[in-house]
2 protein chains.
Amino acid sequence: MKNKQKQIQLRDVQDVIDVIGGRWRGAILASLCDKEKRFNELKRDLGIITPRTLTKELKYLEMNKLVSREVDTSGAVTISYSLTEHGKSLEPLIGQIVAWGQKHRKVVLG
Amino acid sequence: MKNKQKQIQLRDVQDVIDVIGGRWRGAILASLCDKEKRFNELKRDLGIITPRTLTKELKYLEMNKLVSREVDTSGAVTISYSLTEHGKSLEPLIGQIVAWGQKHRKVVLG
DNA sequence: ATTAGTAGTATCCTAAAAAATAGTGGTATT
DNA sequence: AATACCACTATTTTTTAGGATACTACTAAT
């Protein structure tokens, strides 16, 4: 019983790692917590990501209902990416991740 | 200024993903939240991990001061792995990850 | 003495992730 | 008209993670 419960938790952890893990997903989501962004804006934010990878990751996040893509055709076509409601529900978690990350750096480096 | 702050946060997110990400790290840490475990005990817990990978991941976690390895030579040599204090500070984060993971499954699957 | 368990190592291999690089078709700016 | 920015796509190459498999050295139990 207790063991079964444990299994379920491990699955949950792995699911979440799948969603925010990898080299870029967490950072993309964190960047979008700030505000909605356009493709090249995200690209600059993230530093060294290639457009191919960014495209791929954004598609994955869209499919997982965390990010939505909106096209504005009023002037020159611009496209903005933002967190969905579900994506926004990640914000507190990302906040805690950032906080723990800062602590972690101190422990490991200092 | 504001931009600089943002960069730091993205770096933090990436650091944490590095620590708990990958296929096994999060699961290993989650398993050790339960109680200290021995090598083969962890191996059974995790299911299909190879000993090579488990060794490698445990070494990484040791280097990052999250897990400590203790040798008991009183009888047959046994070795136990447990969370360090720093590792234990991850527990609330893992708890939130599990909670969000459960919510996420509902959103994505129905 | 044999078997089984503990705690790993050593080698090789494959699949997937991501980088490098180049190019596309559009708009806006000067 | 030329340049530059936007939002990508295509192709090739490199890197990395992790699996498969086999083996080691030790101890404890039967």
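So you know, we letter chains A, B, ... as the sequences are listed, proteins then strands, and number each from 1.
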In whole angstrom, give the distance that lies between atom [atom1] of [X] and atom [atom2] of [N].
X	N	atom1	atom2	answer
B:L46	C:dG8	CG	C1'	16 Å
A:N40	C:dG26	CG	C1'	13 Å
B:Y81	C:dA7	OH	P	8 Å
B:L54	C:dG8	CG	P	8 Å

Using the side chain to side chain donor-acceptor pair (under 3.5 Å) criterion, which residues pair with [X]? Sequence neighbours excluded.
X	value
A:S89	B:W100, B:K103
A:S74	A:D72
A:Q102	B:D12
A:K35	A:E41

What I'd like to find out is whether the side chain of A:S31 reaches to under 4.5 Å of the side chain of A:K37, using heavy atoms alone.
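In contact.
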Are A:E62 and A:K59 within salt-bridge range, i.e. N to O under 4.0 Å?
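Between A:K59 and A:E62 there is no salt bridge, as every charged N stays at least 4.0 Å from the carboxylate O atoms.
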Sequence neighbours excluded - ring pair (Phe, Tyr, Trp, His ring centres under 6.0 Å) pairs with any residue from residues 28-79 of chain B:
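Every pair satisfying ring pair (Phe, Tyr, Trp, His ring centres under 6.0 Å) with a residue in residues 28-79 of chain B: there are none.
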Whether each nucleotide of nucleotides 9-18 of chain C has a protein heavy atom under 4.0 Å at its base (B), only at its sugar-phosphate (S) or at neither (-) is summarised, 5' to 3', as B-BB-----B
Go nucleotide by nucleotide along DNA chain C from the 5' end; which of A:I48 and B:S80 gets its closest nucleotide reached first?
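On the 5' side of the pair lies B:S80.
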Any chance you could pull the hydrophobic cluster mates of A:L109, using side-chain heavy atoms under 4.5 angstrom and chaining through other members?
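ILVMFWY cluster around A:L109 also holds A:V108.
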Sorted by number, the residues of residues 66-79 of chain B with heavy-atom contact under 4.0 Å to DNA chain C:
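Heavy-atom contacts with DNA chain C come from B:R69, B:T78, B:I79.
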Once salt bridge (charged side-chain N to carboxylate O under 4.0 Å, His left out) is applied, what residue pairs with a partner in residues 13-27 of chain B remain, sequence neighbours excluded?
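The answer is A:R105-B:D15, B:R25-B:E57.
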What residues form a side chain to side chain contact (heavy atoms under 4.5 Å, CB included) with B:Q14, not counting sequence neighbours?
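Partners of B:Q14 under the side chain to side chain contact (heavy atoms under 4.5 Å, CB included) test: A:W24, A:A27.
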All side chain to side chain contact (heavy atoms under 4.5 Å, CB included) counterparts of A:P92, not counting sequence neighbours
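In terms of side chain to side chain contact (heavy atoms under 4.5 Å, CB included), with neighbours along the sequence ignored, A:P92 is linked to B:Q96.
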Anything under 4.0 Å to a heavy atom of chain B counts; send over the first and last such nucleotide of DNA chain D, read 5' to 3'.
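So the contact region on DNA chain D extends D:dG18 to D:dA28.
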Answer with base, sugar-phosphate or nothing: what part of the nucleic acid does B:Y60 contact at a heavy-atom distance below 4.0 Å?
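If one applies the 4.0 Å heavy-atom cut-off, B:Y60 turns out to touch nothing in the nucleic acid.
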